[in-house]
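Note that ligands are numbered from 1 as they come in the structure, with each ligand's atoms numbered from 1 the same way.
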Amino acid sequence: MKVAVVGATGLVGTKMLQVLAERNFPVDELIPVASERSIGKEVEFKGKKYKIVGYADAIAAKPDVAIFSAGGGTSLELAPQFAAAGITVIDNSSAWRMDATKKLVVPEVNANVLTAADKIIANPNCSTIQMVVVLKPLHDKYKIKRVVVSTYQSVTGTGVKAVEQLMNERKGVQGEMAYKYPIDLNAIPQIDVFLDNGYTKEEMKMTNETVKIIGDASIKVTATTVRIPVMGGHSESVNIEFENDFDLNELKDLLSKAPGVVVQDDIANFIYPMPLTAHEKDDTFVGRIRRDETQPNTLNCWIVSDNLRKGAATNAVQIAEYLMANNLLNKE
Ligand SMILES: NC(=O)c1ccc[n+]([C@@H]2O[C@H](COP(=O)([O-])OP(=O)(O)OC[C@H]3O[C@@H](n4cnc5c(N)ncnc54)[C@H](OP(=O)(O)O)[C@@H]3O)[C@@H](O)[C@H]2O)c1
């Protein structure tokens, strides 16, 4: 396979190269792309150095698949140009996610919607991905009515600049600010811009993308998304109300068998998911699984995943793996 990685110098792009190598995706030729300012710089893949090229050279090389993580604007501009050349694009930005003509895919949940005609495929928002892999098996069994989620999100979700801001603050060094406020020793209840309804764009992504991925408009999701000074992954406190009652042990058993989900729920031994332990893992971890005693048919749980992996790179590579395995690439 010829694979282009657009945004190869960024946090997600770097992780993408690592995940492609680790999962042994059959890359015969790698085409790393970044902005004009990075052309000629080198990135490393499987011990070999590759020079960054511009997008026009990448399109001319006609890769089988192009995995984008270069921001929404770049994606809006460039993804259609790749697609027009017959190249399948898997895009990590929010540009195409809610476009009714584009598929929004988490392989464990809805890979079956993909066809060879899908030339731009959207990778969902990181906090949504880790939530839906847990919600889907529960929805299939108990039917979800409503979800109330509060997130505790890693600075790596903002990109290179935010990691630098946190590190500078910890060292007491002045530097460029990715956030409006200091992030070290702080919690910022704003991720992305505010919308007219008082929610942030990140919060509405969780509401709308969940419905699109699970494919059931009756699921109501209300979210509060918060940035905290951690690195390893995003955490979520999730309250789920079902239409049907559940047996807690049966529910835990169901989750333990769900694809991509690992149950870490042993409070007697202080076992529960944390960003420190989810870091560099491809799975989504769920723990603190307990009945909400204030309301019937309702569950509380705690979901953690590495946002640069399952929340971005791993999910995108899994989509590419599915397309390849089902012979859905290179079909006009
Ligand atoms: N971080 C996450 O957890 C996460 C999760 C899901 C999705 N995403 C999405 O993934 C994208 C990248 O995020 P990130 O965290 O990796 O950001 P980042 O660290 O700031 O990296 C941005 C990348 O985009 C490249 N780029 C910028 N403008 C470009 C252009 N005009 N043409 C080609 N490449 C260009 C940059 O190249 P230069 O080095 O040359 O500037 C760099 O490689 C964003 O859309 C983000 O929303 C991020």
Side-chain angles (χ1 to χ4, degrees), residues 4-19 31-43 50-59 66-82 89-97 104-106 120-132 151-167 176 178-179 191-193 200-202 205-206 209 225 227-228 230-236 275 278-280 304-319:
V5 174
V6 182
T9 53
L11 274 191
V12 176
T14 305
K15 192 59 69 183
M16 198 76 73
L17 298 178
Q18 192 185 332
V19 171
I31 307 159
V33 183
S35 75
E36 297 259 306
R37 61 188 164 267
S38 298
I39 292 176
K41 280 190 194 164
E42 287 180 335
V43 291
Y50 291 81
K51 274 202 163 44
I52 300 280
V53 300
Y55 73 89
D57 287 344
I59 293 173
I67 308 181
F68 273 58
S69 58
T74 307
S75 185
L76 279 175
E77 188 192 334
L78 300 186
Q81 297 185 44
F82 279 70
V89 171
I90 301 169
D91 182 42
N92 270 289
S93 80
S94 58
W96 306 99
R97 290 180 190 152
L104 183 64
V105 176
V106 176
I120 300 178
I121 299 160
N123 213 43
N125 165 260
C126 40
S127 10
T128 309
I129 294 179
Q130 67 183 66
M131 187 170 73
V132 296
T151 69
Y152 304 68
Q153 295 184 222
S154 157
V155 294
T156 58
T158 315
V160 171
K161 262 193 203 160
V163 174
E164 279 171 10
Q165 179 183 331
L166 175 60
M167 290 308 153
E176 213 183 324
Y179 304 113
I191 298 186
D192 212 329
V193 296
T200 63
K201 208 167 162 190
E202 181 85 354
K205 284 176 196 168
M206 295 193 79
E209 292 183 20
T225 57
R227 188 74 66 193
I228 59 165
V230 305
M231 297 277 290
H234 293 345
S235 306
E236 301 175 341
H279 187 46
E280 291 296 355
V304 181
S305 193
D306 186 329
N307 54 295
L308 291 178
R309 282 185 171 258
K310 184 56 187 164
T314 302
N315 198 69
V317 173
Q318 286 173 323
I319 293 173

Which is closest to atom 12 (C) of ligand 1 by heavy-atom distance: Gly7, Ser35, Ser69?
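Residue with the shortest heavy-atom distance to the ligand atom: Ser69.
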Check each of Ala58, Pro32, Gly311, Ala70 against atom 24 (O) of ligand 1 and report the one with the nearest heavy atom.
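Minimum heavy-atom distance to atom 24 (O) of ligand 1 goes to Ala70.
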If I apply the N/O under 3.5 Å rule, does [X] come out as touching ligand 1?
X	value
Val12	yes
Val6	no
Gly71	yes

Which distance, rounded to the nearest 0.5 Å, do you find between the CG of Asn123 and the CD1 of Ile129?
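Asn123 atom CG to Ile129 atom CD1 measures 4.5 Å (nearest 0.5 Å).
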Relative to the heavy atoms of [X], which atoms of ligand 1 are at a distance of less than 4.0 Å?
X	result
Thr9	36 (C), 37 (O), 38 (P), 39 (O), 40 (O), 42 (C), 43 (O)
Ser38	38 (P), 39 (O), 40 (O)
Val160	19 (O)
Leu308	1 (N), 2 (C), 3 (O)

Restricting to non-hydrogen atoms, name the atom on Asn125 and the atom on Ser127 that form the minimum distance, rounded to 0.1 Å.
OD1-OG, 2.9 Å
Which heavy atom of His234 sits nearest to which heavy atom of Ser154, and what is that distance?
ND1-N, 2.9 Å
With salt bridge (charged side-chain N to carboxylate O under 4.0 Å, His left out) as the test, would you mind laying out the steps for Lys161 and Glu164 before giving the verdict?
CA-CA 5 Å; Lys161 262 193 203 160; Glu164 279 171 10; over 6 Å; no
Val33 near ligand 1 by a heavy-atom separation under 4.0 Å:
no
Can a protein heavy atom be found under 4.0 Å away from atom 47 (O) of ligand 1?
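Within 4.0 Å of atom 47 (O) of ligand 1, no protein heavy atoms are found.
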Quick check on atom 42 (C) of ligand 1 - does any protein heavy atom sit closer than 4.0 Å to it?
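Flag for atom 42 (C) of ligand 1 set to true, protein heavy atom closer than 4.0 Å.
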Start with the C-alpha gap between Lys205 and Asp192, add the side-chain angles, then the distance that decides, and say whether salt bridge (charged side-chain N to carboxylate O under 4.0 Å, His left out) holds.
CA-CA 10 Å; Lys205 284 176 196 168; Asp192 212 329; 3.1 Å; yes
Ligand 1 versus [X], non-hydrogen atoms closer than 4.0 Å: side chain, backbone, both, neither?
X	answer
Arg37	side chain
Thr74	side chain
Thr156	backbone

Are Gln153 and Asn307 close enough that a side-chain donor and a side-chain acceptor fall under 3.5 Å?
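Per modelled atom types, Gln153 and Asn307 side chains form no pair under 3.5 Å.
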Walk me through it: do Met131 and Glu209 pass the test side chain to side chain contact (heavy atoms under 4.5 Å, CB included)?
CA-CA 11 Å; Met131 187 170 73; Glu209 292 183 20; over 6 Å; no
Check for a donor-acceptor pair, side chain of Thr14 on one end and backbone N or O of Gly10 on the other, with a separation under 3.5 Å.
yes
Okay, side chain of Thr128, backbone of Pro124: is any donor-acceptor separation there less than 3.5 Å?
no
Atom 15 (O) of ligand 1: the protein heavy-atom neighbour that sits closest, reported with distance to 0.1 Å:
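Residue, atom and distance for the closest contact: Gly159 CA, 3.2 Å.
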